[in-house]
Amino acid sequence: QVQLVESGGGLVQPGGSLRLSCAASGSIFTLNAMGWYRQAPGKERELVAGISRLGIQNYADSVKGRFTISRNIAKTTIYLQMNSLKPEDTAIYYCNTIRTTRPLAGRPNDYWGQGTQVTVSS
């Protein structure tokens with residue numbers, strides 16, 4: 001069974017930065033395109049960033065220019081660098097598989113991690 005473990009969230013003021021990490025068991029990062037999803041209170045989960053097996057990245061318009069997705073060379077961890085954070089970025093952030101980066105399209109597997117809470121507030 002795949003295990004996804006997200007970390008790095010916290011409370012930050014508007015305009016601040018955070019770096020999220022996602023570690024996984026097995027070879028999920030090698031075999032799949034991956035992405036970061038988020039779910040705000042009362043809203044549906046949305047895909048905000050994706051990275052293909054070849055390293056091609058894409059972003060939702062709401063975070064483009066502010067967020068950067070990356071992974072380590074060993075493909076055991078993916079990251080989400082979040083800059084210029086806004087209150088509307090407040091959500092629980094999850095990593096999971098995606099279908100494509102261009103266009104950005106989600107296809108998560110059934111094994112969600114616990115997510116990491118990001119709160120942007122003054």
Side-chain angles (χ1 to χ4, degrees):
Q1 180 175 338
V2 174
Q3 288 189 318
L4 297 164
V5 180
E6 301 91 351
S7 61
L11 172 64
V12 63
Q13 292 187 342
S17 299
L18 283 173
R19 189 192 195 204
L20 308 184
S21 299
C22 173
S25 59
S27 56
I28 186 173
F29 293 158
T30 300
L31 298 176
N32 296 278
M34 297 297 299
W36 284 94
Y37 298 77
R38 69 184 182 187
Q39 187 166 22
K43 295 187 176 181
E44 292 189 354
R45 195 170 293 175
E46 64 170 336
L47 176 61
V48 297
I51 185 166
S52 74
R53 293 170 59 190
L54 297 179
I56 297 170
Q57 303 155 27
N58 202 7
Y59 304 90
D61 288 343
S62 58
V63 307
K64 198 167 291 185
R66 301 187 297 120
F67 290 11
T68 303
I69 188 170
S70 63
R71 64 188 177 203
N72 65 348
I73 293 176
K75 297 183 181 179
T76 57
T77 306
I78 63 170
Y79 305 98
L80 187 67
Q81 178 66 43
M82 306 187 296
N83 298 328
S84 302
L85 282 161
K86 304 175 180 180
E88 51 263 43
D89 295 318
T90 295
I92 300 175
Y93 285 71
Y94 305 85
C95 66
N96 210 320
T97 55
I98 65 172
R99 183 166 59 88
T100 60
T101 50
R102 295 185 182 180
L104 188 62
R107 187 179 61 190
N109 66 40
D110 295 333
Y111 304 109
W112 292 95
Q114 82 289 348
T116 186
Q117 175 72 50
V118 172
T119 303
V120 185
S121 175
S122 54

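Below, each value reflects all heavy atoms present in this structure, side chains not excepted, and no hydrogens, waters or symmetry copies.
Both the sub-6.0 Å distance and the 45° axial angle are satisfied by Arg45 relative to the ring of Tyr94.
Ion pair Asp61/Lys64 flagged as a salt bridge, since at least one NZ, NE, NH1 or NH2 atom sits closer than 4.0 Å to an Asp/Glu carboxylate oxygen.
Side-chain atoms of Leu20 and Val118, non-hydrogen and from C-beta on, do get closer than 4.5 Å to each other. In this structure, the side chains of Asn72 and Tyr79 come closer than 4.5 Å at one or more pairs of heavy atoms. Side chains of Asp89 and Arg38 form a contact here, defined as non-hydrogen atoms less than 4.5 Å apart. Residues Arg102 and Ile56 form a side-chain contact, since some pair of their non-hydrogen atoms from C-beta on lies under 4.5 Å apart. Side-chain contact check for Val12 versus Met82: every heavy-atom pair is 4.5 Å or farther apart. Taking 4.5 Å as the limit, some side-chain heavy atom of Thr97 sits within range of a side-chain heavy atom of Met34.
Separation of atoms SG (Cys95) and CD1 (Ile51) is listed at 12.5 Å; rounding is to 0.5 Å. Residue Leu47 holds its CG atom at 12.0 Å from CH2 of Trp36, rounded to the nearest 0.5 Å. Note that CD of Gln13 and OG of Ser122 are 7.0 Å apart. Values are rounded to the nearest 0.5 Å. To the nearest 0.5 angstrom, Gln81 atom CD is 10.0 Å from Ser21 atom OG. Atoms OG1 and CZ, on Thr30 and Arg53 in that order, are 8.5 Å from each other to the nearest 0.5 Å. Atom OG1 in Thr90 sits 7.5 Å away from atom CD in Gln117 (nearest 0.5 Å).
Shown here for Asn109 and Tyr111, the closest heavy-atom pair between the two residues is OD1-N, 2.7 Å. Closest approach of Ala60 and Leu104 over heavy atoms only: N-CD2, 3.6 Å. Residues Ile92 and Gly115 approach most closely at CG2-CA, 3.8 Å, considering heavy atoms. In terms of heavy atoms, Ser52 sits closest to Thr101 at N-CG2, 3.4 Å. Between Gly50 and Ile98, the shortest heavy-atom contact is CA-CD1, 3.7 Å. Across every non-hydrogen atom of Phe29 and Leu4, the tightest pair is CE2-CD2, 4.5 Å.
Ring planes of Tyr93 and Phe67: tilted class, angle from 30 to 60°.
If you chain together hydrophobic residues whose side chains sit under 4.5 Å apart, Val63 and Tyr37 never meet in one group. Connection of Ile69 to Ile28 is established within a shared hydrophobic cluster, with ILVMFWY side chains joined at heavy-atom distances below 4.5 Å, either directly or through further cluster members.
Side-chain polar atoms of Gln57 and Tyr59 form a donor-acceptor pair below 3.5 angstrom.
Within a 6.0 Å radius of CD in Gln3, no more than 12 heavy atoms belonging to other residues, nucleotides or ligands are found.
Scanning for side chain to side chain contact (heavy atoms under 4.5 Å, CB included) contacts around Arg107 gives Arg99, with sequence neighbours left out.
Judged by distance alone, with hydrogens and angles left aside, the side-chain atoms of Gln39 form no donor-acceptor pair with the main-chain N or O of Ala91 at under 3.5 Å.
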